[in-house]
Amino acid sequence: MRLTGTSHIGSQGHLTIGGCDTVELAKTFGTPLYVYDEALIRENSRRFVKSFEQSGFAFQVAYASKAFSCIAMAQLAAEENLSLDVVSSGELYTALQAGFPAERIHFHGNNKSEEELRMALEAGVGCYVVDNFYEMALLHDLASASGIQVNVMLRLTPGIEVHTHEYISTGQEDSKFGFGVADGQAMLAIRQALAKTHFNLLGIHVHIGSQIFDTTGFVEAIKVIREFLDSVRQETGYEVKVLNLGGGFGIRYTDEDDPVEIETFVETITQEVAAAWAKRNLPNPEIWIEPGRGIVGNAGTTLYSVGSIKQIPGIRTYVAVDGGMTDNIRPALYQAKYEALLANKASMVATETVSIAGKCCESGDMLIWDIDLPQVTSGDILAVLSTGAYGYSMASNYNRLRRPAVVFVRDGIADLVVERETYEDLVRHDRKRSVLSNIV
Ligand SMILES: Cc1ncc(COP(=O)(O)O)c(C=O)c1O
Ligand SMILES: N[C@@H](CCCC[NH3+])C(=O)O
C-alpha cells in the first residue's frame, strides 16, 4: 500500500493526514468522515498548472466540481487560480456562494434547463459547453432576449472507445453526450452556432471518459479533432481559438492501477496539439482541460468505525462499518476497488483476510472484498484511501442514513467544511399528511 500526500504512520502507530491523527479526527467529528488533505489538493492542481506553464500553451485548468463540490472546495479552486466546470445549477450555486468568479465558470451538461441557463446568464458564467441542438436554440433565445453575447463551445463525440468502465466512457459514437463527428451532426452544429448572432464560438470540447490510465485515447481524439477542424475550415472558414480536451485523468486506487503521471498527460496532449497545429500551419490554440478525480481523488480518505464482525467458518469474515454505499457508491456501481488500513493499528502487520461490508440493506453494499488487515476488533477505525472523487458528491440518504461530515486537514489543523447531516435534515422536506383518509 502506498500512502500519498501528507498521509503517514505517526509515532503512535496511527494514520495521520495533514498533521492530524485520524483516530482523534474520528473521535472529534464522528464517523463516517471524509478527510481531505488540503496540501495534496493544492499539489495536484499545481502539477497540472505547472505542466501547462512549461508547455508554453495558453491554457485553463478547470476543476470538474462533479468530483467533489462544496463551498470550501470551490474556494480552494479559486485560490489555486483554477477555472471551474459545473454541470448543474446546484454546482453553479455552490460556486457562486463560495465567491468563485463567474467568468471562470464553464457550464456543462446534456440537459441544461431553461431555469439553469437563466441562472447562469444572470451570474455571467464565462462559457457554455453546448451539448445539443435543443440547448443551442434555447441558450441563444435567452441570450438574445437579454441582449447579451455568450461564449460557447460545442461538445463533440469523437467516436473513440477508451479502456475504462462502460458507465464512465463518454467518447464513443453511441453516447448521450455531444454532437457526433462521424454522423455529420458536429458540422451542422458548427454552422448553426456560427449563424447565431449572440454566440461567440470559442471552440470545441471533447471528453472521452473518466479514470483513463494512458494517453492513447487523447492522442486519437486530437487526430479526429484535427481532421474535423480541417473540414470545418474548408467548408466554413472557421477556426477555433480554444480546444477543450475534457478530464478523465486516472488515478491509482490499488496496485492493479498504473496511470501515467499528470505531467505525462499534459506533455502528451500539448505535444500532440502542437504537432497537429504545425501541420495545419496555424498558431497553437488555447487548451483547456477539466480534471476532477486527478485533483481530489487521492486527497480524500474516508474514516469508518468497525461494528459487527461476522465469521462464516471456512468461508469469509464480514467486517461491517458504519457507512457504505451511501457514502461511496463506486464499488457497487462500477465494481471499483480500494485499499484500506486500520487507522489505529496502522503499524501492525496483517494477519487475516476479511471483507468490508457497508451497513445498508443490500447484499451488494460491500466496500472491499478480501483485504489483508491486522486482527480487526469492533471499535477499530478503518481508513479507506483515495475516496476524494465521486464519494461525497455521489452520496445518498438510502436507508435514511445521514451524509457524513467533511474536514480539510492541513498543518495539524482540522477544518470542518461540511457538517454531518442531522435527523432534522432527514425530515426537513417531509410533510405530514394534510388530508386524512376516511378508510378504516
Ligand atoms: C465533461 C466532463 N468533464 C470533466 C469530467 C471530469 O472527469 P474526471 O473526474 O475523470 O477528471 C467529466 C467526468 O467524467 C466530464 O463528464
Ligand atoms: N462517477 C464516476 C465518474 C463519472 C465522471 C462524470 N462524467 C466515477 O466515480 O468514476
Side-chain angles (χ1 to χ4, degrees), residues 34 41 44-45 47-48 60-69 73 77 82-88 91 105-112 127-132 135 153-158 160 162-172 175-179 203-215 217-218 221 243-254 257 259-260 262 265-266 269 287-300 302 325 327-338 367 384 386-396:
Y34 299 104
I41 298 179
N44 291 334
S45 308
R47 284 176 64 189
F48 279 108
Q60 281 191 38
V61 175
Y63 166 62
S65 60
K66 72 204 79 178
F68 167 55
S69 168
M73 184 58 213
L82 303 178
S83 299
L84 201 72
D85 151 355
V86 301
V87 77
S88 71
E91 287 182 357
I105 297 178
H106 308 161
F107 198 4
H108 286 261
N110 70 312
N111 191 19
K112 304 174 188 77
C127 180
Y128 296 80
V129 181
V130 171
D131 185 275
N132 52 68
E135 179 191 339
M153 289 215 165
L154 299 181
R155 177 163 182 169
L156 307 190
T157 320
I160 305 256
V162 286
H163 184 71
T164 188
H165 194 281
E166 62 170 315
Y167 289 180
I168 54 178
S169 175
T170 46
Q172 71 280 10
S175 161
K176 74 170 185 171
F177 298 105
F179 300 99
I204 57 165
H205 169 279
V206 291
H207 172 75
I208 54 179
S210 190
Q211 183 61 351
I212 296 168
F213 288 159
D214 67 21
T215 55
F218 291 96
L243 205 55
N244 187 333
L245 295 169
F249 314 103
I251 63 161
R252 187 190 157 283
Y253 285 96
T254 70
D257 302 333
V260 302
I262 289 174
F265 276 122
V266 177
I269 284 173
I287 301 181
W288 294 3
I289 57 163
E290 300 156 348
R293 193 190 316 266
I295 288 181
V296 292
N298 62 2
T302 312
M325 65 193 298
D327 55 77
N328 187 356
I329 189 77
R330 300 191 70 257
L333 196 55
Y334 318 118
Q335 299 75 50
K337 293 188 180 157
Y338 287 87
L367 286 175
V384 179
S386 296
T387 56
Y390 307 107
Y392 173 75
S393 68
M394 294 177 88
S396 78

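Keep in mind the model is a prediction, meaning the values are calculated, not measured. Read the numbers this way: they start at 1 and go in the same order the structure lists the ligands and their atoms.
Below 4.0 Å from some heavy atom of Pro291 lie the following atoms of ligand 1, by number and element: 11 (O). Set against the non-hydrogen atoms of Arg155, the atoms of ligand 1 under 4.0 Å away are 1 (C). The contact set between ligand 1 and Glu290, taken as ligand atoms under 4.0 Å from a residue heavy atom, comprises 1 (C), 2 (C), 3 (N), 4 (C), 5 (C), 6 (C), 11 (O). Each of the following atoms of ligand 1 lies closer than 4.0 Å to a heavy atom of Gly247: 4 (C), 11 (O). Distances below 4.0 Å separate heavy atoms of Tyr390 from the following atoms of ligand 1: 6 (C), 7 (O), 8 (P), 9 (O), 13 (C). Less than 4.0 angstrom separates some heavy atom of Met394 from each of these atoms of ligand 2: 1 (N). If you number the atoms of ligand 1 from 1 as listed, the ones under 4.0 Å from a heavy atom of Asp85 come out as 3 (N), 4 (C). Those atoms of ligand 1 with a heavy atom of Gly248 less than 4.0 angstrom away are 7 (O), 8 (P), 10 (O), 11 (O).
Here's the thing with Arg330: one of its N/O atoms is less than 3.5 angstrom from an N/O atom of ligand 2. Between Arg293 and ligand 2, at least one pair of N/O atoms sits closer than 3.5 Å. Considering backbone and side-chain atoms alike, His108 places every N or O at 3.5 Å or more from each N or O of ligand 1. Among the atoms of Arg293, some N or O lies under 3.5 angstrom from an N or O of ligand 1. Where the criterion is an N or O separation shorter than 3.5 Å, residue side chain and backbone included, Ser210 fails it with respect to ligand 2. Between Ala64 and ligand 1, a contact under 3.5 Å exists for no N or O pair.
Although no hydrogens or angles enter the test, the distance criterion places a donor-acceptor pair under 3.5 Å between the side chain of Gln211 and the main chain of Ile251. Under a 3.5 Å cut-off, the side chain of Asn298 and the backbone N or O of Arg252 do not form any donor-acceptor pair. No side-chain donor-acceptor contact under 3.5 Å links Asn244 to the backbone of Ile204.
Remark: aromatic rings of Tyr63 and Phe48 are distant, center separation not under 6.0 Å. Taking the ring centroids of His205 and His108, they lie under the 6.0 Å cut-off.
At a cut-off of 3.5 Å, with distance as the only test, no side-chain donor of Glu91 or Ser69 sits close to an acceptor on the other residue.
Within the model, atoms OG of Ser175 and CD1 of Ile208 stand 12.0 Å from one another, a figure rounded to the nearest 0.5 Å.
With Phe177 as the aromatic partner, Arg155 meets the cation-pi criteria of under 6.0 angstrom to the ring centre and within 45 degrees of the ring axis.
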